[in-house]
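By convention here, the first residue in the shown sequence is residue 1.
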Amino acid sequence: MPADILQLHAHSASSPLTDIAQLVDNGLSRPLGEKTLPTILLYDENGLRLYDTITTDAPEYYLFRAEEQILEDHVDEIVKVMHGTLASVVQGEMVVELGAGALRKTSHILSALARSVSNDVLTAPITYYALDLEKGELERTLGLIQDSEIGKSLQGRVITRGICGTYDDGLKYISEGGLYNFLDFADSNTSLGPVGGFERAMSPASTHSSASESRDTFLSDTPPSSPGASSPPLHIMFLGSSLGNFSRSEAVEFLRGLPLRSGSGDTLLIGLDHNNDRARIEKAYHDPHGHTENFIKNGLRVAGRVLGSENLFDKENWEYVNKYDTDNRRHEAFLQAKMDHSVVAPNGKVYVFKQNEQIKIEESFKFSDKDAFSLFTEANLRPVQRWVDNNSEYSLWLVERPAFVFPLLSSPFARNRNGEAVLRKPYSTSPFGIPARQDWDIMWTLWDFVTLRMIPSSMLLEKPIDLRHICLFYLGHIPAFLDIHLSNLLEESFTHPEEYKRGIDPDVDDPTKCNPHSEVPTDLSSWPALSDIVDYQKRVRDRLMTLYDDIDSGKRSLTRKMGRVLFMTYEHEGMHAETLLYMLLQRAGTGTIPPPDFLKPDWTSLAVSWDAAPKPNHDTVILGPGTVTIGHDDDEREDAVSDKISLPDDHEYGWDNENPKRVVDVQQFEISWRPVTNGEFYEFYLGQGKDKVELPASWVVEDGVVQVRTLYGPVPMDVAKHWPVITSYDHLSTYAMVKGGRLPTEPELRLFYDKFHYGYEGGANTGFRNWHPLPATTGGGGDDGKGCNGGVWEWTSTVLDKVDGYSPSKLYPGYSMDFFDGKHNVVIGGSYVTPPRIAERNSFRNWYQRNYPYPWVGGRVVYDINTKAHN
């Protein structure tokens, strides 16, 4: 039976290569040393077969074999994780492979997809589409699949079809909902229809104006359905490290434009080559058998064909050369002229080439860990899981489009609530300066996500933990705090009515009474209604955006005090989101709704990968003596003398305990590479005797078995054993003493961070990259020996107190000063839910009372150099 092939390019039967002539002409017309040919020339029908020869007969080309090995070993696991939020395969699922090629690796995925389908289906629930440039090659490869044993296993489970066109053709067609039309046209007997309207499901998820829908859902105890969640999921595959053929900026734009929907189970499976040894890469792309050279020179033949004569270029006049640029992590392939010569095209155009002149025809970027995480973040994607080959040379990543993404601090882009990438207006040249209005949009998306989608109405009036208010309080506290400071800044009245003001804080008009707070109502009926709070919240947010409008239009002059209010209220919201989440963790599994619109972790496969991950070669490292900088210079008192500041502002804001900057001497010390893990602390817990060591608040006992809490519910200790343990200072200090050590001072831990800890761009587990900790990688991988601590704050033995030059905040007098009581210790770093601008600002200092069990803080052990015995 002939394969169904949809011809997309220009909606005609012509080859896509007919449109490449202009690109060829432009590239060959460039000056000496700048000539290029488009990479697409390499992938005509003959080129695809030559590439297939490379993958079968050139063992030096490790990329294909590494990816194939990953699929052979993990394909069922990959398919399972792809369906993480779904109970089973959904009728109408689509799998689209970009640049399908010979389908040898794809056959593994097709077989696994077929195995994932239950035996009682009436019609095949999954349709696989191979997208490639050449119709003849698609017909051949799909035909081979259909006629093979694999094809028999697909019957009634997976339909295979082809799409002939470029990436842009195919993705545009998908975005417009065309695949459902093709399904109807190709096989009316198995047509599934639009299933709720694919085109509608591809539309933006939600905006501030549609928040009422989320609020209505919030009033139910049933987890809310996601926008477009009724539509079948779309799984895109982009294998073979093909993304490396894009420039770094083009790769971001390409991935950003993929039609992946948040909360619909859509995924992208993508292969990326690592930043491997130079000789290894250069040999992979220039095998001694000449297969790669034949593949590259075939591009000359195709270039001649699109210019009018297939034999236009004499291959004997050219040789293939390649090189790997280690600084930019980029392999480059060139056709180099052996002699001076010229070529005359049928249209009379003359192309002149000098001896040794090089024409770049292909480049392939490689990806360090930092490159990969930066790429995904810039493209508004979230890595769900990663599989690495046995030689650690190549990775398959499964990623999704999450409900929100915090951009890189260095990025000019952010993603708005419509899912669009928008430029952040540069109010500040510092990532720790004045937040842009787009930063607020992300923060509000986060806040609404947590408060309106993770807390059932039955928990609104509950206190998940002692010493904190009911959940409803935080929904009103955040806009009230912003309202107070905007009103005092602008010398305007408050936006809320008098009765609401009394319900939240009777002293709201007096900023000197912001801390301590007013008395909490004892009668639950005295609290405002949720709908009133949400309406008030919207008015305050609108008021803030009006301020930005006035600044942009010149109606108001931006002052340093205004900048500080914007910084302070923004970070206040981010810190309270974390507070609310560590409260909700205590009810996860019994009330708190797991994060919707994020694929649920597959704990079993993750645990296997964490067990197999490389560990540090040594348990500890010796640092110092040396000096370290604590804090920064940001004196709030200077705001009064700054009547007007120009944009963009270069000032780095911070809280009062961050000022002033001071340089501290650090003596030599020995420190553990990783924070204490759950597994290590569990052994300590058992060894000391359960009656002597209190159970950490991050653990829970179910049916007599100790488990670790997550926002998805408790997980077995075997899953979480490599995560950093989250517990109080008192717990970890006792552990450290038993081990013959102590907890580090703030300068000691800062010195370690400055040398070994990479940040958000490097893949640190902060900013909601995950909703749970990870095993620490510090000292065991990452870029240049750096890594992350797993996604927790870390305790220090430094007591929070005044330092020389300290001046309490005038805008928030009780922020730090109320806690100079000798009972609170400094913690630094950031947890997996800490916004990047907080976690990445080295001057930021957090603190908690030493016996406070709930916040997401871990710790590592320091040994004095003269202490030889580590227990």
Side-chain angles (χ1 to χ4, degrees), residues 1 3-4 64-98 100-131 141-162 179 183 187 190 192 195 232-240 264-271 384-390 395-400 599-609 612:
M1 179 179 177
D4 291 321
F64 184 93
R65 283 166 177 76
E67 191 170 72
E68 188 171 45
Q69 178 251 304
I70 295 172
L71 290 172
E72 289 173 348
D73 293 348
H74 302 287
V75 68
D76 288 303
E77 184 180 304
I78 291 170
V79 168
K80 179 185 176 186
V81 177
M82 284 168 58
H83 295 86
T85 58
L86 307 170
S88 60
V89 171
V90 174
Q91 193 77 14
E93 272 190 51
M94 294 177 293
V95 179
V96 177
E97 183 173 7
L98 308 180
L103 302 183
R104 279 170 45 209
K105 289 177 295 187
T106 307
S107 62
H108 297 291
I109 297 176
L110 292 175
S111 295
L113 286 169
R115 288 192 293 270
S116 70
V117 176
S118 62
N119 293 325
D120 56 354
V121 295
L122 298 178
T123 59
I126 302 173
T127 304
Y128 164 81
Y129 297 91
L131 171 68
T141 55
L142 287 171
L144 289 175
I145 288 287
Q146 290 179 357
D147 295 338
S148 68
E149 288 299 316
I150 292 174
K152 295 178 182 178
S153 69
L154 302 182
Q155 291 179 8
R157 297 169 181 265
V158 181
I159 301 169
T160 58
R161 296 200 167 99
L179 284 185
L183 191 63
D187 189 351
T190 59
L192 302 169
V195 194
L234 167 69
H235 304 291
I236 297 176
M237 299 194 305
F238 199 28
L239 306 179
S264 294
D266 293 357
T267 64
L268 167 68
L269 182 66
I270 185 169
V384 175
Q385 196 159 330
R386 176 188 191 180
W387 293 267
V388 181
D389 73 294
N390 293 337
S395 290
L396 274 179
W397 297 80
L398 186 74
V399 300
E400 66 174 339
L599 281 177
K600 182 180 179 180
D602 186 87
W603 299 118
T604 301
S605 60
L606 283 171
V608 171
S609 67

Could you tell me whether the side chain of Leu396 reaches within less than 4.5 Å of the side chain of Glu67, counting heavy atoms only? yes

Quick one: does His83's side chain get under 4.5 Å of His235's, heavy atoms only? yes

Out of curiosity, Ile78 CD1 to Asp73 CG, how far, rounded to the nearest 0.5 Å? 9.5 Å

With a 4.5 Å heavy-atom cut-off, do Glu97 and Leu103 have their side chains touching? yes

Within a strict 4.5 Å, meaning less than it, do heavy atoms of the Trp387 and Leu398 side chains meet? yes

Any donor and acceptor pair, going by atom type alone, linking the side chain of Glu400 with main-chain N or O of Leu599 inside 3.5 Å? yes

Closest non-hydrogen atom pair, Asp120 against Ser118: OD1-OG, 2.6 Å

Using side-chain heavy atoms (C-beta onward) and a distance below 4.5 Å, is Asp389 in contact with Arg65? no

Of the non-hydrogen atoms in Gln385 and Ser605, which two are nearest, and what is the gap between them? NE2-OG, 3.0 Å

Does a side-chain heavy-atom distance below 4.5 Å link His74 with Val81? no

Report the distance from atom CG of Leu142 to atom CG of Asp147, rounding to the nearest 0.5 Å. 11.0 Å

Check whether any side-chain N or O of Gln69 sits under 3.5 Å from a backbone N or O of Asn390 as a donor-acceptor pair, and report yes or no. yes

Backbone of Lys105 reached by a side-chain donor or acceptor of Glu68 within 3.5 Å: no

Determine, stepwise, if the pair Ile109 / Leu239 fulfils side chain to side chain contact (heavy atoms under 4.5 Å, CB included). CA-CA 11 Å; Ile109 297 176; Leu239 306 179; 4.2 Å; yes

Measure the spacing between CG of Leu179 and OG1 of Thr127 and express it to the nearest 0.5 Å. 9.0 Å

Output for pair (Glu77 CD, Leu606 CG), nearest 0.5 Å, gives 8.0 Å

Closest non-hydrogen atom pair, Thr106 against Ala100: OG1-O, 4.4 Å

Just verifying a value: how many Å separate Met82 CE and Leu268 CG, rounded to the nearest 0.5 Å? 10.0 Å

Looking only at non-hydrogen atoms, find the nearest pair between Asp266 and Pro232 and report the distance. OD1-O, 4.4 Å

For the CZ atom of Arg386 and the CD1 atom of Ile70, what is their distance to the nearest 0.5 Å? 9.5 Å

Lys152 and Glu149: salt bridge (Lys or Arg N to Asp or Glu O under 4.0 Å), yes or no, with the steps? CA-CA 5 Å; Lys152 295 178 182 178; Glu149 288 299 316; 3.2 Å; yes

Could you report the tightest heavy-atom contact between Glu93 and Pro233, atom names first, then the distance? CG-CG, 3.3 Å

On a heavy-atom basis, which atom in Pro125 and which in Gly156 lie closest, and how many Å separate them? CD-O, 4.2 Å

Between Ile145 and Tyr128, is any pair of side-chain heavy atoms under 4.5 Å apart? no

State whether the side chain of Ser148 and the backbone N or O of Ile150 hold a donor-acceptor pair below 3.5 Å, judged by distance alone. yes

Heavy-atom side-chain proximity of Ile126 to Leu154 below 4.5 angstrom: no

Taking His108's backbone N and O only, do any of them form a donor-acceptor pair with Ser111's side chain (distance below 3.5 Å, no angle check)? no

